[in-house]
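Keep in mind it's a predicted model, so treat the numbers as computed, not measured. Within every chain, numbering begins at 1; the chains are lettered A, B, ... in the order of the sequence lines, protein sequences first and strands thereafter.
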Amino acid sequence: MAALQLDKAYDPKAVETRWSREWLSRGYFHASPEQPGQPYSIVIPPPNVTGSLHVGHALNHSLQDILIRWRRMQGRNTLWLPGTDHAGIATQNVVEKQLMADGLSRESLGRERFVDRVWQWKSTSGNTIVNQQKQLGESCDWDRLRFTMDEGLSKAVLEVFVRLYEDGLIYRGERLINWCPRCLTALSDIEVEHEDVKGKLYYLCYPLADDPNTSLIVATTRPETMLGDTAVAVHPDDPRYRHLIGKKVRLPLTTRDIPIVGDSILVDLEFGTGAVKITPAHDFNDFEAGERHKLNRIRILDTYAKMRNETELGLATKALPDIARALAGLPTQKTRTKIEQLLSEHGALKNVEDHKMALGKCYRCKTVVEPYLSIQWFVKIKPLAEPAIEAVEDGRIRIIPNSWTNNYMGWMRDIKDWCISRQIWWGHQIPAWYCEQCNGGFLRSTHDNRPLIDLDVKPIVAKSKPEKCPQCGTIDLTQDPDVLDTWFSSALWPFSTLGWPERTPELKTYYPTSVLVTGLDILFFWVARMIMMGLKFMGDVPFKDVYIHALVRDAEGQKMSKSKGNVIDPLHVMNQFGTDALRFTLASMASPGRDIKLAEERIEGYRNFANKIWNAARFALMYLDGPRTVLPPVQRTLPDRWILSRLAHTIRTVTAELESYRFDRAATVLYQFIWHEYCDWYLELIKPVLQTPEHPDGGSTRHTLVETLETTMRLLHPFMPFITEEIWQTIPHHGDSIVVQNYPIPDQAWPAPDAEQHFSLLEQTVGLVRTGRVLLNYPPGQQIPFHVGHDDLNRQNQLHQLQRHLAHLNRGTAEVSPPRDWPSERLLRLVTEGLSVGIAVVEDVDLKKAIERLTRQIAETDKELQRVDGKLKNVEFVSKAPPEVIAEHQERVQTLSRDCALLAHSEQQLRAMLAA
RNA sequence: GGGCGGAUAGCUCAGUUGGAAGAGCGCUGCCCUUACAAGGCAGAGGUCACAGGUUCAAUCCCUGUUCCGCCUACCA
């Protein structure tokens, strides 16, 4: 028997392993430009090559897979292009940690060997995430797996760099940049995370040079940088200080006098004392103020953000000898404490207050970043940003949900030049060379021996190393030691992965891609830059839609992190509850604009859903022996017509929701349909037919059963690929795999409003009888006689037609007759909206519950009646509300009052019985 | 400081041409009824954050307030 083919409970593991292998071996996911169908393409946001799948990936990838599987079934020429990112700083940090465990360092290895070591690590751990993705059922074209440091992609990077340089959009400059003193590299502005912290505001006394008894009080949050001060600013309109502009103050702890300048940009009259110290080498605002007033920049910190050595410090700042000695080599926090003490001893510390401030931290290692003066490479971004703004403005790119468009616009309009050089080793080395010969030799950095190349040294920018210096002809050229920001290569991802700069058929077919699915956190890092680069180098947007999904948090709404120990491991839950359950959970929770608080119970709930589906299929298989005959829908039974109508509705809704990226609503609709319509009602309704041998409706019912189940499996497949494939293969079907079947479209003959209306009467009636059964404490298995009737003659007739279904679903015998003809004795009557049911009351039944229920319902009905009637008595309402609303209210009053009367009558009878 | 989002059942969340408040989980009661106890049936549980306004009518539109998130920012 067919039924024996399926176990009683669904066991996902075996099924998933089998199908994920099978799909791959059959090449269903392989894309080719020659394939028919309108192209539909997605490039995956490349995860870190050495990473492993976390629940954020699971969400991101599940949504993309739903879209891809759906479009594939719709007959589109689909490509889902997978890949991984070299993740410069992050990966380098990981490998450095490994080295440290072995007592090594990257410096001790040297650049070449270190980079080899990273490649080695990539080759051992690089497949982890890819294998996990396959386990999740991701239908990527794995033959096209790309890596940002592949030969082809690296070629694209060089091409882009050189062209941007030639267009004057890449330049080298000396600027204050964000520096991570732990990673020892520059960061771009957005690689700095801001965190609010409780800091202190220090009030320092700077005595006037020509009048030491008078002091200017400056307020600062960073007293430890005071040795680097080169001026004090006041507001030019400030009557308190106006007269001091042009004079000098003696910088405490030093022998240096610094000028008082007037600066209306830097100084806020309201804040602090209205006087600000200016430290151009260690603060972004001060840097700009320094430019305005042509001030010196005195660097007091080294690359580790420690105070420089005694000699340097003394020379640069003219600090008193014992001061320089006391501070040399101290890290920031210790410097602050120490300098607070020293200032205090010198009578230069006026006051300290608590103060809330924002602290910048490295997004990779959370170390406090320092503004740091250095020579870096930058992308001049405005000329690239403008077309990228237009593309969103004029709708060539749609951001979904739309609410993020403003964020994007705001950021793009206010964008600053992008610092793209990183002082690390893992990444695309900058294709710029310098002639040491022409420039009189380069100094080398102490910690990693990198050449220090002054700003006036002219770089030779080319895709490959120039054979010789065009000036002096030497072949001994030095390549810029820096590598490019990881996000530089990511920015090219939508076209570099398709073969650019070659003009490949893939580019022609699949670019622009259809949609980019990503989290909000990389909107600026990645999405904005892809748009800029796509427009610049492809002359077209990289994608038409950007769908931004939520962040996955834990059940308490906390961000998941290893240190908090609240991480939900997708592989663990896939193992525990099944991959389909996880995928469905994530889809169902992907509401726009709200973060996902993921709890395991939720996943368990959808595991149960999978089991429900499994058992529905078992049920179907159990009763499928026998002929199946195809009748036009109108000739089929009420349950068949009803379920087809509901199925048509579900197909329409799911498709529409997917079109608008409402995965949550699509999932809910599927869940409701399958569980509460298909299983709860349809399968129950057809049991009598299936269980009666030679039933006249048997053939058609069996056909409808298969037809609806098979269609439902296809409809659900993008969400739950494994279980649907397994079931689909087991039930009658045509074709090799559900993966390549057509996505359902509703048959025009399916919608049947009359059947739906008929059914809702059935549902209402069954509900009422069941309520009565519970009120009278009749066990579910006990057969009971009951009456049903309706005020409305039409409905009364429909009840007649429903008699068999009513009897079956209520486990009893149904007598359909007008309520007034029913016996008045020993009968519990329940009434709602004109529908009455009556259930015989046997001798020893406790009537209290039933009476309570009636009393309560009467009260509720009466309250509602008063409310609606009140509205109708309101002259304004009657004169101003639309007629159909008024008619509805009037009808409702009638129904409610009739119900009320009948209920009251029933209550009376029961009370009489109780008394007797 | 600016901007955005949220506040609906015990919990997590849906809910648009304004016109009788929904789901899942949890809870209560009765049932191992031959697809499924990972289940069935029935139920309890909401002045839709607060205060105003518009309207015949507001969870929904407008204004303000409070609380919570996020993004962003140079207030030392």
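- Side-chain atoms of Lys612(A) and base atoms of C36(B) include a donor and an acceptor less than 3.5 Å apart.
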I'd like a list of close polar pairs between nucleotides 54-63 of chain B and the protein, N/O only, cut-off under 3.5 Å.
{"from": "C56(B)", "atom 1": "OP1", "to": "Lys880(A)", "atom 2": "NZ", "distance (Å)": "2.7"}

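- Comparing Gln672(A) and His889(A) against RNA chain B, the residue whose closest nucleotide sits nearer the 5' end is His889(A).
- Exactly one residue among Ile258(A), Asp229(A), Leu266(A), Val218(A) makes a side chain to side chain contact (heavy atoms under 4.5 Å, CB included) with Ile278(A). That residue is Leu266(A).
- Taking atom C1' in both C60(B) and C70(B), one finds a spacing of 24 Å when rounded to whole Å.
- As a whole-Å value, the separation of Leu598(A) CG from G24(B) P is 19 Å.
- Within 3.5 Å, no donor on the side chain of Arg770(A) pairs with an acceptor on the base of A42(B), nor the reverse.
- In this pair, Tyr671(A) and Tyr606(A) present their aromatic rings perpendicular. The plane angle is above 60°, beyond the 30 to 60° band.
- Comparing the C1' positions of A73(B) and G3(B) gives a spacing of 10 Å, expressed to the nearest Å.
- Classification of the Trp675(A)-Phe609(A) ring pair by plane angle, with boundaries at 30° and 60°, yields parallel.
- Using P as the reference atom, U12(B) and C68(B) are 16 Å apart when rounded to the nearest Å.
- Taking CD from Glu876(A) and OG from Ser879(A), the interatomic distance works out to 6.0 Å, rounded to the nearest 0.5 Å.
- The number of heavy-atom neighbours closer than 6.0 Å to CD of Glu353(A), taken from other residues, nucleotides and ligands shown, is above 12.
- In this model, no donor atom of one side chain and acceptor atom of the other lie less than 3.5 Å apart for Glu864(A) and Thr861(A).
- The aromatic rings of His355(A) and Phe271(A) stand perpendicular to each other, their planes meeting at an angle above 60°, with 30° marking the opposite boundary.
- For Glu860(A) and Asn407(A), each mapped to the nucleotide of RNA chain B holding its nearest heavy atom, the one lying further toward the 5' end belongs to Glu860(A).
- Every stem involving RNA chain B, taken as at least 3 paired positions in a row under the Watson-Crick or G-U wobble test at 3.5 Å, is listed here: B:1-7 with B:66-72, B:10-13 with B:22-25, B:27-31 with B:39-43, B:49-53 with B:61-65.
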